[in-house]
Structure formats: C-alpha cells, structure tokens
Amino acid sequence: MKQGINLGLERVERNHPLARLVWPTLFLVTLLHGFRALRTGEELAALREEVSGVEEGLETESPAMDDAILQRLRQISASGLAAGHSATAILALIDSSLPSDMSLVALTIHPMPPSADVVIDARAQVAEDVTSFQRNLAGSPLVSSTSLLEERRAADGFLSVRLRLELRAP
Amino acid sequence: MMPAIVWPWRRPRIGFAFSDQWLVVASDGSPPAFSELPPGLLKPSPLAPNVQSVAELARLTCQLVEDLVGRAGMAVVALPDLAVTTALFAAGSKLKHRELRTAIASRSASPELETRSDFWRGFRHEVLGAAVRNVVVRQYEQIVEATGARLRWVDTCSLARIPGWAQESKSEETMVVHAQLYRAHYSLAVFRSGELIDLRFKLRPPGTFDGVVGEISRLPGLYGAPVGSLTLSGEGASACAERARETFDFGRISTGEEDERGLISGSVRALLRRLT
C-alpha cells in the first residue's frame with residue numbers, strides 16, 4: 001500500500017507515461033501566454049493613444065464647465081466600488097472560487113466605506129464543496145475574513161449556505 | 001556528526017513545514033527548529049500564490065537548515081492544509097484514476113492542467129485525494145531547492161498522519177476521531193475499523209471550540225455508531241477536550257501536542273518516516 005499522498009513533481013515524472021510531454025507542453029503554454037500578453041499590450045497601447053487623442057480634442061468653454069466635467073468624472077470613478085474594489089472584481093473572485101458542482105443563488109454587496117461586506121447565498125451537493133469555496137475565498141488578497149452565517153439541508157437534498165465576506169481596502 | 005566531506009552520502013534527511021505563522025524544520029534525531037514568520041509573508045490559498053517573497057522565506061529556511069544540520073539531503077515538505085484541496089471518495093465509488101483527477105480538479109475550482117493531484121487508497125478501498133495548483137506548490141519547491149535539499153515527498157500537515165491513523169484504528173470496532181486544531185482552522189478525520197469514513201477541514205475563529213465540539217457530537221447520529229476514541233491535538237487541545245467531556249459522552253478522550261508548532265512538527269516527523 002502507498003505510504004500516503006505525494007504531490008511532488010518527482011512522482012509525476014516517474015509514474016506518468018506522458019511525462020516527457022510535460023516540459024514541451026509547459027513551454028508551449030508559456031509561449032502562448034506570452035503571445036496573448038503581447039497582443040493585449042498592443043491593444044492597450046492602441047486604446048491609450050485613442051484616449052489621449054480624444055482628451056486632446058476636448059475643449060471646454062469655461063472653467064465652470066471644466067469643474068462640472070471633473071465632478072462628473074469623479075462621480076463615475078467612485079460609483080460601483082465596494083471597499084475600493086469594483087463589482088466586477090468581486091464577481092471575478094466569486095467566479096474563480098466557486099467549485100464547479102456548486103451554484104450561486106444570490107449575491108449582495110454592502111458598501112460601507114472604507115470597508116465593505118458581501119453576502120453570498122449558494123447551493124451545494126456536498127459539504128466539502130462549501131469548505132473549498134470558503135477556503136478559496138479566504139485565500140484571496142481582497143478578503144479580510146469569511147464567516148459561514150447559515151448552513152442547512154433543503155428538502156431536495158441540496159445544502160443551502162450563506163457566507164459573509166469582509167473585503168479589505170486596497 | 002561526521003563531516004560531510006568524509007561521509008558525503010550521510011547527508012541528513014530533513015523535513016519542512018509551513019503555516020501562515022510558522023516555519024518548521026525537522027531532522028532525524030534532533031529537535032525541530034522553528035521560525036516565526038513576519039505577518040503577511042505567507043497566506044495559504046489553494047488558488048493564488050501563497051508566499052509574498054520567495055527570496056525572503058528561502059533565506060529564513062536556509063538559515064534554519066544551517067543552524068540545525070549544516071546541509072540538507074533528501075527532504076519532505078508538509079504544505080499548509082489551506083493551500084491544498086482535499087476530497088474523500090467513499091469505498092463504493094470505484095472511480096478510475098482519470099475520473100478521480102477530474103473530480104478533484106473540479107472541486108478545486110482550477111483547471112485540471114494547472115493542478116497536481118495524488119490519491120491514497122485506504123484499507124476498505126476508500127480514496128483520499130489531494131490537489132494543489134502548480135503555481136502554489138512551485139513556490140514551496142523553490143524554497144526547498146534553495147537549501148540544496150532533494151525533494152522527495154510533498155504532503156500536507158493534516159493528511160500526513162492519516163495512513164498511520166488508519167493502520168492504528170484497524171482493530172477498533174467503534175468510531176475513532178482525530179481532531180487537529182490549528183490557530184485558524186481545524187481538521188477532523190473519522191475512522192471505522194480502519195476505514196477513513198469522513199474528513200473535514202473547517203476555518204475557525206482563533207481560540208473557539210464550539211464548532212469542532214458541535215461537529216464531533218453530531219457524528220454518532222450521522223454514522224449510527226458511538227465515538228469510541230477521540231484524540232485532540234494542537235491549539236487549546238486540553239480546553240477543547242474539557243468542553244467535549246461536558247457536552248457529550250465520547251468514550252476515550254486523549255490529547256496530543258498542545259500548540260500549532262507541535263502539531264506541525266508531528267506531521268513532519270510522520271513524513272520523515274516515509275523516507276526510511
């Protein structure tokens with residue numbers, strides 16, 4: 001019988017019949033990532049140029065109008081933020097942390113500057129998925145603490161849970 | 001010890017363990033060495049890289065190795081529990097290796113190609129699985145490589161002892177429960193006649209026991225058998241045992257190491273035995 005779990009690379013190289021493909025595959029994946037990063041960089045540079053072109057073309061008629069535009073821009077930049085994190089960043093965190101057998105039911109973001117908290121309602125078949133989900137969230141630099149508010153087995157056999165996250169200001 | 005220049009093949013076997021608070025280095029025949037990590041240097045996560053500065057942690061690790069044994073030979077590593085995704089597949093599941101890999105990758109919420117996994121089959125054909133993201137485990141491997149050690153075994157703090165406990169509980173008719181209390185989480189491993197029937201990892205606020213005692217007290221109802229033996233070790237094990245006695249009749253209750261450092265050192269010693 002095996003002595004236990006071994007997550008070392010040596011075991012993978014020795015036991016896996018396709019081990020010789022690991023390094024070429026990693027090389028190709030890295031190359032692909034690099035290529036994609038380059039493409040993204042080029043797109044960003046093009047966008048930046050376009051934005052600076054638009055900025056240069058902007059002409060306002062008076063200092064009062066400048067102030068009004070500035071005020072409006074500040075409002076836009078401050079909207080949709082919770083503890084300094086955009087709602088999309090919070091959604092991306094939950095998306096990447098949610099085990100595939102678990103489903104999201106509801107999400108509530110309470111912005112309370114300078115911090116914020118998020119309440120997540122979700123359903124899972126097994127309790128381990130809930131633990132994985134909570135553990136994945138707790139490991140994120142966005143999150144300062146997690147707590148399981150509620151966990152109950154519904155009539156259909158699924159586990160309904162409610163989790164609360166406290167977000168850390170960046 | 002003989003100088004390594006005379007006996008180059010006698011390099012000591014060495015074990016490393018990491019938590020968000022402690023770095024532990026242990027070797028055969030000498031007491032373990034500890035280093036308290038600066039806050040924020042290591043934050044265990046199964047998804048994101050855990051170590052804020054690999055160079056700094058490697059420096060601390062090399063220093064401990066230098067103080068403890070001079071130079072390292074073969075090495076084992078116990079990763080933090082919270083850096084690894086675990087799963088227990090019941091004895092009747094009969095999943096093949098490929099299916100197990102897919103199942104545990106889906107549970108870890110990371111792509112299968114970016115995940116390293118391994119499985120241990122128990123005495124009743126139950127399967128314990130663990131998966132870790134390459135970007136996560138690579139950081140720890142770099143730190144161990146910086147000490148000059150040859151890495152032979154990578155496991156986690158809590159899982160390292162499970163095969164040994166399964167062996168010990170083979171002759172027990174009642175349920176045997178091992179609870180490991182870390183500062184901010186705990187693990188529960190439940191055995192019946194040598195079979196690992198339940199494994200749980202839960203986060204806990206430091207210094208609280210209600211969650212773990214409540215969870216253990218529900219086990220007899222869940223599995224239809226009394227808890228014959230309960231072993232608690234780690235942060236506040238004695239206080240937790242006292243609370244358990246007040247709450248429920250658990251049969252035998254024993255306590256092990258009394259803090260997180262002792263708990264982690266015990267796991268490293270269990271891993272070191274695998275090299276013999």
Side-chain angles (χ1 to χ4, degrees), chain A residues 1-18 21-22 25-26 28-30 32-33 92-102 104 124-148 151 153 163-165 168, chain B residues 43-48 50 76-77 79 81-88 103 105-110 113-114 116-123 128-132 134 137-138 141 150-156 159-164 184-185 199-203 205 211 270-271 273-274:
Chain A
M1 179 180 279
K2 260 180 74 174
Q3 287 178 290
I5 298 278
N6 188 0
L7 294 164
L9 202 53
E10 188 179 316
R11 177 196 60 79
V12 175
E13 282 172 352
R14 193 174 59 237
N15 292 345
H16 203 290
L18 299 175
L21 291 176
V22 169
T25 310
L26 279 177
L28 284 176
V29 168
T30 312
L32 193 65
H33 272 287
L93 165 68
I94 290 163
D95 180 44
S96 65
S97 304
L98 199 67
S100 56
D101 287 341
M102 210 171 156
L104 185 67
Q125 279 183 307
V126 291
E128 285 91 339
D129 282 343
V130 178
T131 307
S132 290
F133 185 39
Q134 195 182 0
R135 195 191 301 177
N136 293 345
L137 291 167
S140 164
L142 269 62
V143 176
S144 65
S145 73
T146 67
S147 48
L148 190 60
E151 185 178 30
R153 185 71 69 177
L163 281 164
R164 180 168 168 271
L165 312 181
R168 177 180 288 133
Chain B
K43 184 175 185 190
S45 161
L47 296 178
N50 293 191
V76 295
V77 172
L79 301 177
D81 290 341
L82 302 183
V84 175
T85 302
T86 51
L88 178 62
S106 75
R107 191 162 292 180
S108 70
S110 66
L113 269 178
E114 293 174 17
R116 218 186 279 177
S117 55
D118 193 30
F119 303 91
W120 172 79
R121 285 181 192 275
F123 297 108
L128 169 64
V132 62
N134 286 320
V137 69
R138 228 10 239 151
E141 286 174 342
R150 282 178 294 126
L151 188 54
R152 295 294 302 273
W153 211 291
V154 181
D155 203 337
T156 76
L159 299 188
R161 294 180 172 196
I162 285 188
H185 78 282
L199 178 69
R200 300 169 186 210
F201 291 90
K202 290 278 171 79
L203 304 180
L271 275 182
R273 283 196 287 276
R274 293 184 188 172

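Any value given below was found using the heavy atoms of this structure, including those in side chains, with hydrogens, waters and symmetry copies removed. Chain identifiers are assigned alphabetically (A, B, ...) following the order of the sequence lines, protein sequences preceding nucleic acid strands; residue numbering begins at 1 within each chain.
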What heavy-atom pair brings A:Val143 and B:Lys43 nearest, and what distance separates the two atoms? O-NZ, 3.4 Å

Identify which of B:Pro163, B:Gly122, B:Ser106, B:Pro44 forms the greatest number of heavy-atom pairs closer than 4.5 Å to chain A. B:Ser106

Is it the side chain or the backbone of B:Phe119 that comes within 4.5 Å of chain A heavy atoms, both, or neither? backbone

Please name the pair of heavy atoms, one in B:Glu141 and one in A:Gly8, separated by the smallest distance, quoted to 0.1 Å. OE2-CA, 4.3 Å

Judged by atom type as modelled, is there a donor-acceptor pair below 3.5 Å linking the side chain of B:Asp118 to the main-chain atoms of A:Asn6? yes

Working note: A:Ser140 + B:Leu47, criterion side-chain contact (heavy atoms from CB on, under 4.5 Å); need CA distance, chi angles, decisive distance, verdict. CA-CA 8 Å; A:Ser140 164; B:Leu47 296 178; over 6 Å; no

Heavy-atom pairs under 4.5 Å with chain A - which of B:Ala130, B:Ala83, B:Ala160, B:Ser110 has more of them than the others? B:Ala130

Any donor and acceptor pair, going by atom type alone, linking the side chain of B:Trp153 with main-chain N or O of A:Ile5 inside 3.5 Å? yes

With sequence neighbours left out, what residues match B:Arg274 under salt bridge (Lys or Arg N to Asp or Glu O under 4.0 Å)? B:Asp155

Distance, nearest 0.5 Å, that separates OG1 of A:Thr146 from CG of B:Leu203: 5.0 Å

Considering only heavy atoms, which portion of A:Ser132 lies under 4.5 Å from any heavy atom of chain B: side chain, backbone, both, or neither? side chain

Portion of A:Ser145 that has a non-hydrogen atom of chain B nearer than 4.5 angstrom: neither

B:Phe123 meets the ring-ring contact (aromatic ring centres under 6.0 Å, His included) criterion, sequence neighbours left out, with none

Working to the nearest 0.5 Å, report the span between CD of A:Glu128 and OG1 of B:Thr85. 11.5 Å

Can you tell me if A:Leu32 has over 12 outside heavy atoms packed within less than 6.0 Å of its CG? yes

So, do B:Pro46 and A:Arg135 sit near enough that their side-chain heavy atoms are less than 4.5 Å apart? yes

Under 4.5 Å from any heavy atom of chain A, what part of B:Ile162 do you find: side chain, backbone, both or neither? neither

Chain B heavy atoms under 4.5 Å from A:Val130: which part of the residue, side chain, backbone, both or neither? neither

Which bit of B:Val77 is near chain A, if near means a heavy-atom gap under 4.5 Å: side chain, backbone, both or neither? neither

Under a 4.5 Å heavy-atom cut-off, does chain B meet the side chain of A:Ala127, its backbone, both or neither? neither

Pairs of heavy atoms under 4.5 Å with chain B: top-ranked of A:Leu26, A:Asn136, A:Thr131: A:Asn136

